[in-house]
**Student:** 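Sharing a structure with you now.
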2 protein chains.
Amino acid sequence: MAIGRPSPSSSQTPDPGAARRSSRARGIPEATVARLPLYLRALTALSERSVPTVSSEELAAAAGVNSAKLRKDFSYLGSYGTRGVGYDVEYLVYQISRELGLTQDWPVVIVGIGNLGHALANYGGFASRGFRVAALLDADPNVVGSTAAGLPVRHMDELEEIVATQHVSIGVITTPPGAAQQVCDRLVEAGVTSILNFAPTVLTVPDGVDVRKVDLSIELQILAFHEQRKAGDEPSAGDSVLDRAPGPVRAAAAKLRRAAGGKAEPAKAAPTAKGGPDDDLSAVMPA
Amino acid sequence: MAIGRPSPSSSQTPDPGAARRSSRARGIPEATVARLPLYLRALTALSERSVPTVSSEELAAAAGVNSAKLRKDFSYLGSYGTRGVGYDVEYLVYQISRELGLTQDWPVVIVGIGNLGHALANYGGFASRGFRVAALLDADPNVVGSTAAGLPVRHMDELEEIVATQHVSIGVITTPPGAAQQVCDRLVEAGVTSILNFAPTVLTVPDGVDVRKVDLSIELQILAFHEQRKAGDEPSAGDSVLDRAPGPVRAAAAKLRRAAGGKAEPAKAAPTAKGGPDDDLSAVMPA
DNA sequence: TAGATTGTTAATCGATTAACAATC
DNA sequence: TAGATTGTTAATCGATTAACAATC
């Protein structure tokens with residue numbers, strides 16, 4: 001592979017340090033930013049029920065966090081509450097919306113219109129938050145020309161023009177993993193500076209471009225890890241005595257296996273590691 | 001609302017403390033667990049290319065993290081590397097798979113077969129990681145009986161029997177938000193102990209049940225926050241002089257607004273807060 | 001042996017939390 | 001005033017990172 005030290009901000013996982021630093025410029029930690037949408041959602045529900053004010057305790061419960069954290073989070077935004085009373089719901093909705101940049105319109109392009117692209121195009125939560133689907137794009141001639149969520153699917157060739165004329169700064173990638181980096185490069189070249197990536201691939205982008213990823217498979221794997229522990233912590237089917245042994249013994253065993261040219265438990269590793277097309281989304285999303 | 005202090009482990013965001021504590025029992029921090037799937041994906045790609053060994057530097061680059069973090073992560077699993085050489089790819093694939101619980105079969109039910117449910121049913125990354133779709137379920141008679149990804153969509157009434165007979169411990173919720181808690185309750189009652197929630201709702205579950213959420217809208221909002229900052233940090237359209245003023249002045253302004261019974265900038269807050277059905281996924285997923 | 005690379009240590013940093021003074 | 005609730009402080013905890021001794 002011979003890959004040099006990666007630039008911290010050029011990998012798919014946005015460099016937490018960079019994000020923190022930039023947020024800290026105005027004093028809002030990244031962890032707080034990630035919770036603001038939760039608060040906003042809970043506040044919007046209260047607003048629709050015409051609830052005028054809410055305490056940190058009530059709002060925290062509705063958002064699923066504890067109240068100390070919520071108050072700390074809000075303290076980064078300013079002093080928007082009233083001691084002894086609570087927070088004005090409408091005012092807080094507005095302030096958080098503004099802080100998140102939701103008081104402006106964000107045109108978005110979605111690239112790769114398979115089932116997932118369809119689902120996103122139809123997602124009501126986008127429009128109600130200031131996100132507007134500027135265009136649906138696909139490279140497959142069989143898909144181009146069809147409609148999804150009332151919008152025509154346009155060809156990738158139009159990407160550059162659409163991004164330029166509609167001032168698109170956010171792109172959503174729902175292509176198969178093999179196409180994702182290439183699509184990403186074109187988006188960035190066209191002027192997109194924020195990317196939401198659903199393809200299970202690490203994307204490389206230049207400094208100044210933010211990438212967030214949503215990975216369906218990873219979430220399930222994390223659940224499986226905890227599920228495994230709940231099951232009584234008895235050794236799983238794949239466990240061997242050596243695997244449970246103290247570090248030095250395991251290490252020695254590993255070396256023995258390597259020395260013997262042997263793949264450790266290959267028959268057991270194979271089913272999960274190579275059971276199918278690795279993370280292929282082509283069944284979901286046309287190329 | 002009058003909601004009592006929420007039990008830390010009963011909210012949708014899995015109590016990080018609890019997760020950490022349980023992981024720490026065997027010494028694996030939650031942040032490390034969340035990265036294991038990334039390493040596994042990179043290793044699987046190397047395995048398919050028949051690469052025998054890999055250094056921490058190379059693997060870290062492929063996974064999009066730095067090598068110190070990767071070595072630290074691996075140190076929680078044991079000593080699986082060889083100094084001066086690197087890691088045996090096949091052996092590491094097996095060890096990480098085992099640690100994550102992927103050497104066993106995980107039957108999964110998906111509830112709510114709209115576009116998103118379809119996309120997930122078709123997602124190749126599941127099957128190749130030991131996750132097997134045990135059943136697709138929906139409450140809508142018009143959807144029940146159709147097929148998705150070659151599987152029949154079955155009625156919610158069959159949920160309990162399916163979970164019991166097929167030993168399902170993981171459920172995926174892709175219903176509209178209004179149905180999510182009810183579906184969650186039924187899943188838990190039937191014996192499911194891990195839930196992946198795509199509905200934009202906070203789920204309440206008993207102790208011992210893990211919930212992870214994937215929230216499309218929240219990811220976009222976080223991108224918008226950073227995008228807003230890139231745009232030169234000039235005041236956005238919604239800013240007023242008071243909103244930019246020091247804390248005490250802002251607070252005073254808030255109080256004045258409240259005293260006047262006035263909603264702050266209602267015309268500006270309204271479009272984003274109430275533009276459409278809030279987070280309604282019904283266009284995406286049939287009830 | 002000499003070069004390469006791991007596994008671990010220790011310092012640093014950010015996030016969480018409880019507690020409480022400030023103040024409505 | 002008395003009760004309620006915010007905003008902030010300070011302690012604690014987990015995560016990250018660089019550096020390097022161990023060792024292949």
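Every chain is numbered from 1 and lettered A, B, ... according to where its sequence line falls, protein lines coming before strand lines.
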**Student:** What about the rings of A:Y80 and A:Y87, do their centers lie closer together than 6.0 Å?
**Tutor:** no
**Student:** Find the distance A:D88:CG to C:dC24:P and express it as a whole number of Å.
**Tutor:** 16 Å
**Student:** Calculate the interatomic distance between A:E58 atom CD and D:dA4 atom C1'; express it in whole Å.
**Tutor:** 12 Å
**Student:** Whether the B:R98 and B:T103 side chains hold a donor-acceptor pair (N or O, under 3.5 Å, no angle test) is what I'd like checked.
**Tutor:** no
**Student:** Atom CG of B:D73 to atom C1' of D:dA18: distance rounded to whole Å?
**Tutor:** 16 Å
**Student:** One thing to verify: whether A:R229 and B:E99 come together as a salt bridge, which I'm taking to mean a side-chain N less than 4.0 angstrom from a carboxylate O.
**Tutor:** yes
**Student:** Tell me whether A:S55 contacts the main-chain N or O of A:E58 through its side chain, where contact means a donor paired with an acceptor under 3.5 Å.
**Tutor:** yes
**Student:** Is there a Watson-Crick or G-U wobble partner for C:dG3 with both distances under 3.5 Å, and which nucleotide is it?
**Tutor:** D:dC24
**Student:** Rounding to an integer number of Å, can you tell me how far B:L70 CG sits from D:dT16 C1'?
**Tutor:** 13 Å
**Student:** For C:dT8, which nucleotide is its Watson-Crick or G-U wobble mate, given both distances must be under 3.5 Å?
**Tutor:** D:dA19
**Student:** In whole Å, what is the span from the OH atom of B:Y76 to the P atom of D:dG14?
**Tutor:** 10 Å
**Student:** Tell me, please, whether B:Y39 has B:R35 positioned over its six-membered ring: NZ or CZ under 6.0 Å from the ring centre and within 45 degrees of its axis?
**Tutor:** no
**Student:** Are any protein N/O atoms closer than 3.5 Å to N/O atoms in nucleotides 5-8 of chain D? If there are, list each pair with its distance.
**Tutor:**
residue: D:dT5; atom: O4'; partner: A:G84; partner atom: N; Å: 3.0
residue: D:dT5; atom: O2; partner: A:G84; partner atom: N; Å: 3.4
residue: D:dT6; atom: OP1; partner: A:S56; partner atom: N; Å: 2.5
residue: D:dT6; atom: OP2; partner: A:S56; partner atom: OG; Å: 2.5
residue: D:dT6; atom: O2; partner: A:R83; partner atom: NH1; Å: 2.7
residue: D:dG7; atom: OP1; partner: A:Y80; partner atom: N; Å: 3.4
residue: D:dG7; atom: OP1; partner: A:G81; partner atom: N; Å: 2.9
residue: D:dG7; atom: OP1; partner: A:G81; partner atom: O; Å: 3.3
residue: D:dG7; atom: OP2; partner: A:Y87; partner atom: OH; Å: 2.8
residue: D:dG7; atom: O4'; partner: A:R83; partner atom: NH2; Å: 3.4
residue: D:dG7; atom: N7; partner: A:R71; partner atom: NE; Å: 3.1
residue: D:dG7; atom: O6; partner: A:R71; partner atom: NE; Å: 3.2
residue: D:dG7; atom: O6; partner: A:R71; partner atom: NH2; Å: 3.2

**Student:** Could you state the interatomic distance from CZ (B:R212) to OG (B:S194), rounded to the nearest 0.5 Å?
**Tutor:** 10.0 Å
**Student:** Rounded off to whole Å, could you give me the NZ-to-C1' distance for the A:K69 and D:dT9 pair?
**Tutor:** 18 Å
